[in-house]
Student: 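Quick one: this structure, given as structure tokens, is what I'll be asking you about.
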Amino acid sequence: MNSSPFWGFHMIVDAADCDRKAVTNADTITKFCDDLVKAIDMVAYGRPMVVHFGEDNKAGYTLCQLIETSNIMAHFCDESGDCYMDIFSCKPYDIKVAENLFREYFAPKRMRINYMTRQA
């Protein structure tokens with residue numbers, strides 16, 4: 001049971017100019033997601049959905065992974081190599097672990113992380 005005074009924990013990642021081979025590979029994105037779920041001690045609810053869609057400079061893979069305590073979402077842009085990821089959970093997790101794993105998989109040139117607690 002979560003004894004925290006907060007309902008949720010939200011990590012927002014804006015990553016620029018990532019490794020193009022990684023962000024354009026569905027298998028790499030799926031493996032990252034599987035490893036991330038384990039690394040931050042979450043429980044996946046089904047398999048991740050990794051779908052390629054979009055137009056022009058917005059085209060790329062989108063990742064959706066439900067976890068028992070909420071979700072992990074990300075969009076990877078083919079052209080720029082940029083990525084936008086959100087991890088939201090009502091169970092606390094180590095954002096440094098998530099950041100390090102993201103860097104290992106996608107090697108962004110620049111990365112900005114915002115983290116907030118959520119409470120209605």
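Starting from 1, each residue takes its place in the sequence as its number. In this text the structure is predicted, and so the values were computed from the model without any measurement.
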Student: Do His10 and Ile12 come close enough that some side-chain heavy atom pair is under 4.5 Å?
Tutor: yes
Student: What's the spacing between Met111 CE and Cys18 SG if we round to 0.5 Å?
Tutor: 8.5 Å
Student: Would you say Asp56's side chain and Lys58's backbone share a donor-acceptor pair under 3.5 angstrom?
Tutor: no
Student: Treating Ile, Leu, Val, Met, Phe, Trp and Tyr as nodes and any side-chain heavy-atom pair under 4.5 angstrom as an edge, say whether Ile40 and Tyr45 lie in one connected cluster.
Tutor: no
Student: Check whether any side-chain heavy atom of Leu36 sits under 4.5 Å from a side-chain heavy atom of Ile87, and report yes or no.
Tutor: yes
Student: So, do Asn25 and Lys21 sit near enough that their side-chain heavy atoms are less than 4.5 Å apart?
Tutor: no
Student: Got Asp86 and Phe88 here, is their nearest side-chain heavy-atom distance under 4.5 Å?
Tutor: no
Student: As an exercise, state the distance from CG of Asp35 to CZ of Phe102, rounded to the nearest 0.5 Å.
Tutor: 14.0 Å
Student: Can you hop from Val50 to Leu66 via hydrophobic side chains spaced under 4.5 Å?
Tutor: no
Student: Would a hydrophobic clustering, with Ile, Leu, Val, Met, Phe, Trp and Tyr connected at side-chain separations under 4.5 Å, put Met116 with Val97?
Tutor: no
Student: Please name the pair of heavy atoms, one in Cys64 and one in Met73, separated by the smallest distance, quoted to 0.1 Å.
Tutor: SG-SD, 3.5 Å
Student: Does Met49 belong to the same Ile/Leu/Val/Met/Phe/Trp/Tyr cluster as Phe76, with side-chain heavy atoms less than 4.5 Å apart forming each link?
Tutor: no
Student: CZ/Arg118 to SG/Cys90 distance, rounded to the nearest 0.5 angstrom?
Tutor: 12.0 Å
Student: Just wondering, do Pro48 and Asp34 contact through their side chains at under 4.5 Å, heavy atoms?
Tutor: yes
Student: Could you go through the side-chain contact (heavy atoms from CB on, under 4.5 Å) check for Met85 and Leu63 one step at a time?
Tutor: CA-CA 9 Å; Met85 181 176 74; Leu63 160 69; 5.6 Å; no
Student: Students often mix this up, so state it plainly: with edges at 30° and 60°, are the rings of Phe9 and Phe6 parallel, tilted or perpendicular?
Tutor: perpendicular
Student: If you round to the nearest 0.5 Å, how far is CD1 of Ile72 from CE of Met11?
Tutor: 10.5 Å
Student: Measuring from atom CG of Asn114 to atom CG of Asp14, what distance do you get when rounded to the nearest 0.5 angstrom?
Tutor: 7.0 Å
Student: Tell me whether Ile29 is reachable from Tyr84 by hopping between hydrophobic residues (I, L, V, M, F, W, Y) whose side-chain heavy atoms are closer than 4.5 Å.
Tutor: no
Student: Quick one: does any side-chain atom of His75 pair with a main-chain N or O of Tyr61 as donor and acceptor, under 3.5 Å?
Tutor: yes
Student: Tell me whether Asp17 is salt-bridged to Arg20, with the criterion being a basic N under 4.0 Å from an acidic carboxylate O.
Tutor: yes
Student: If you define the side chain from C-beta out and look only at heavy atoms, does anything of Thr30 sit under 4.5 Å from Arg47?
Tutor: yes
Student: Taking atom CD1 of Ile95 and atom CG of Asn100, what is their separation to the nearest 0.5 Å?
Tutor: 10.5 Å
Student: Donor-acceptor pair, Glu104 side chain versus Glu99 backbone, under 3.5 Å?
Tutor: no
Student: Would you say that Val23 contacts Phe32 through its side chain, given a criterion of any heavy-atom pair below 4.5 Å between the two side chains?
Tutor: no
Student: What heavy-atom pair brings Gln65 and Gly46 nearest, and what distance separates the two atoms?
Tutor: NE2-O, 3.2 Å
Student: I want to check something: taking the side chain as every heavy atom from C-beta on, are Tyr105 and Asp19 in contact at a cut-off of under 4.5 Å?
Tutor: no
Student: Checking Tyr93 now: which residues fulfil ring pair (Phe, Tyr, Trp, His ring centres under 6.0 Å) with it, not counting sequence neighbours?
Tutor: none
